[in-house]
Asks: 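Please find one structure pasted underneath; my questions will follow.
The chains referred to below are lettered A, B, ... by the order of the sequence lines, with proteins before strands, and numbering in each begins at 1.
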Number of protein chains: 2
Amino acid sequence: MPGTPEERNESLDVIQRELTAFARRARAAAARLHPELPLVSYTLLAHIEDQHGCRATDLAAHYMLDKSTVSRQIGTLEKLGLVERHPDPDDHRIQVLHPTAAGTQALASTQASRRMAYQERLADWTEEDLARFAKYLLRYNSAGDTVPPAQQTPKA
Amino acid sequence: MPGTPEERNESLDVIQRELTAFARRARAAAARLHPELPLVSYTLLAHIEDQHGCRATDLAAHYMLDKSTVSRQIGTLEKLGLVERHPDPDDHRIQVLHPTAAGTQALASTQASRRMAYQERLADWTEEDLARFAKYLLRYNSAGDTVPPAQQTPKA
DNA sequence: ATAATTCGTTGTAATATACAACTGAAACTC
DNA sequence: GAGTTTCAGTTGTATATTACAACGAATTAT
């Protein structure tokens with residue numbers, strides 16, 4: 001069983017390298033999976049649905065994007081008729097974003113093709129391995145949520 | 001223990017969602033970790049060193065990038081004095097790429113800061129979990145190597 | 001009320017990328 | 001061995017993704 005610090009570092013290096021490789025390939029892979037959706041926007045749309053509506057600011061925070069980037073992406077999604085903006089009656093600064101019917105449908109179809117690709121790719125994994133891998137990824141990503149500040153100087 | 005198809009699908013969806021979220025955040029995270037290296041090129045440089053020299057075409061294949069993209073990235077790295085091109089004596093079409101001394105050093109320093117970040121983020125993971133996570137990532141990424149064709153019509 | 005904060009948009013610029021056309025070099029065909 | 005095909009890499013061009021800064025409108029705090 002693993003135990004030495006060297007083994008720990010080796011694992012860390014592998015994790016780092018493989019996650020990086022994955023990230024570098026992700027754009028191209030996504031382009032293959034759904035050429036129809038502007039490709040970045042897909043992710044935002046998925047999050048909007050997942051949250052049952054959210055604000056642009058929430059998206060920016062979740063994906064570490066600038067608000068201007070999100071603003072333009074949402075603009076694209078709106079032009080495509082995939083999201084709607086509903087002004088919050090209590091606070092006119094806020095736009096609550098929701099998928100349109102077309103947006104929900106586009107998501108479903110994209111989701112289906114993505115799931116197929118994953119199913120194929122992970123076909124020979126046991127349920128136990130899949131469950132563990134999923135758990136590790138969740139744990140990894142949620143760890144980041146507590147760290148990310150970096151250059152914000154709050155309450156200054 | 002997991003066993004039903006529904007549980008399998010649930011795991012697949014989690015894996016898909018979390019990998020996607022990771023990929024979306026990766027650019028911003030990388031920018032924080034090494035603002036000095038042109039940020040994409042870092043990955044290419046790392047692969048070149050890892051392979052003890054390789055061709056531009058190998059990089060394009062490994063990261064699913066167009067050869068023109070790689071060509072320009074290598075050009076940037078060369079201008080920065082981080083890689084050298086050595087024409088293959090046996091085949092004048094080929095340029096074998098190697099990190100320069102400065103390139104190796106830049107990599108080492110970047111690698112160190114990356115490793116620190118990962119160490120911090122994964123500090124509370126056991127060695128066993130790290131080893132398993134690393135193994136899963138390797139397995140996941142290597143699975144892709146056999147699938148990717150997609151729109152190539154070989155031997156037609 | 002006035003000031004400070006928050007949410008979002010727009011102007012501008014940098015970077016990353018793909019696709020197509022092209023050059024030079026090797027390999028293959030006959 | 002001339003002609004064709006394939007391979008490695010570059011360059012022209014266009015698009016996409018993103019950030020930063022300046023701004024506008026609405027809300028909250030003083």
Asks: Taking the nucleotide of DNA chain C with the nearest heavy atom to each, does B:Lys67 or B:Pro89 sit closer to the 5' end?
Replies: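 Per heavy-atom nearest nucleotide, the more 5' residue is B:Lys67.
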Asks: Tell me: CZ of B:Arg32 to C1' of D:dC20, nearest whole Å?
Replies: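 In whole Å, D:dC20 C1' and B:Arg32 CZ are 17 Å from each other.
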Asks: Of the listed nucleotides (D:dG9, C:dA18, D:dA19), which one gets closest to any side-chain atom of A:Thr69?
Replies: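 Side chain of A:Thr69 sits closest to D:dA19.
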Asks: Expressed as a whole number of angstroms, how long is the span from B:Ile94:CD1 to D:dT10:P?
Replies: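 Computing the B:Ile94:CD1 to D:dT10:P distance gives 13 Å.
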Asks: In this structure, how many angstroms lie between the C1' atom of C:dG8 and the CG atom of A:Leu44, rounded?
Replies: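 The answer, rounded to whole Å, is 15 Å.
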Asks: Give a yes/no on whether any side-chain N or O of A:Gln73 is located under 4.0 angstrom from OP1 or OP2 of D:dA16.
Replies: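 No, because none of the side-chain N or O atoms of A:Gln73 sits under 4.0 Å from OP1 or OP2 of D:dA16.
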Asks: Whole angstroms only, please: what is the CZ-P distance between A:Arg25 and C:dA16?
Replies: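 Result: 19 Å.
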Asks: Tell me whether the side-chain N/O atoms of A:Arg85 come closer than 4.0 Å to OP1 or OP2 in C:dC7.
Replies: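 Checking A:Arg85 against C:dC7: no side-chain N or O falls below 4.0 Å of OP1 or OP2.
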Asks: Specify the residue among B:Ala28 and A:Asp90 whose closest nucleotide of DNA chain D lies further upstream toward the 5′ end.
Replies: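 With B:Ala28 and A:Asp90 compared, the 5'-side residue is B:Ala28.
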Asks: Within the modelled atom types, does a donor on one side and an acceptor on the other bring the side chain of A:Ser68 and the base of D:dC20 under 3.5 Å apart?
Replies: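 Checked by distance alone, the answer is yes.
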Asks: Would you please indicate if the ring centroids of A:Trp125 and B:Tyr136 are separated by under 6.0 Å?
Replies: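 Yes; B:Tyr136 has its ring centre under 6.0 Å from that of A:Trp125.
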Asks: A:Leu65 has an atom CG; how far is it from atom C1' of C:dT15, in whole Å?
Replies: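 That distance rounds to 15 Å.
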Asks: Taking any heavy-atom pair under 4.0 Å as a contact, classify B:Ile74: base, sugar-phosphate, or nothing.
Replies: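 Result for B:Ile74 = nothing.
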Asks: Within the structure shown, what part of the strands sits under 4.0 Å from B:Asp91 by heavy-atom distance: base, sugar-phosphate, or nothing?
Replies: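 B:Asp91: backbone/sugar contact only, no base atoms under 4.0 Å.
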Asks: When you measure from the side chain of B:Thr100 to the backbone of B:Gly81, do you find a donor-acceptor pair of N or O atoms at a distance under 3.5 Å?
Replies: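 Confirmed, B:Thr100 side chain pairs with B:Gly81 backbone.
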Asks: Measuring from the side chain of B:Arg93 (C-beta onward, heavy atoms only), which nucleotide among C:dA25, D:dC20, C:dT17 has the closest atom?
Replies: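 Comparing C:dA25, D:dC20, C:dT17 against the side chain of B:Arg93, the answer is C:dA25.
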Asks: Heavy-atom count around B:Glu78 CD within 6.0 Å, excluding the residue itself: above 12?
Replies: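 Buried by this count: over 12 neighbours within 6.0 Å.
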Asks: Contact class for A:Thr57 vs. all strands (heavy atom < 4.0 Å): base, sugar-phosphate, or nothing?
Replies: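 Sugar-phosphate only.
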Asks: Round to the nearest Å and state the distance from A:Gln95 atom CD to D:dG24 atom C1'.
Replies: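 Atom CD in A:Gln95 sits about 13 Å away from atom C1' in D:dG24.
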Asks: With the side chain of A:Arg27 defined as its heavy atoms from C-beta on, choose the nearest nucleotide among C:dT17, C:dT9, D:dT10.
Replies: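 Among C:dT17, C:dT9, D:dT10, the one nearest the side chain of A:Arg27 is C:dT17.
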Asks: Examine distances only and state if a side-chain atom of A:Ser71 and a backbone atom of A:Lys67 form a donor-acceptor pair shorter than 3.5 Å.
Replies: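 Here the side-chain-to-backbone pair does not exist.
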Asks: Please report the distance, rounded to the nearest Å, between CZ in A:Arg24 and C1' in C:dT15.
Replies: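 Going from A:Arg24 (CZ) to C:dT15 (C1'), I get 12 Å.
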Asks: Check step by step if salt bridge (charged side-chain N to carboxylate O under 4.0 Å, His left out) holds for B:Arg55 and B:Asp88.
Replies: CA-CA 10 Å; B:Arg55 300 172 305 161; B:Asp88 184 326; over 6 Å; no
Asks: Rounded to whole angstroms, how far apart are CG on A:Leu77 and P on C:dT9?
Replies: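 A:Leu77 atom CG is separated from C:dT9 atom P by 12 Å.
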Asks: Of all the nucleotides listed (D:dT27, D:dG9, C:dT10), which has the minimum atom distance to the side chain of A:Arg72?
Replies: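 For the A:Arg72 side chain, the nearest candidate turns out to be C:dT10.
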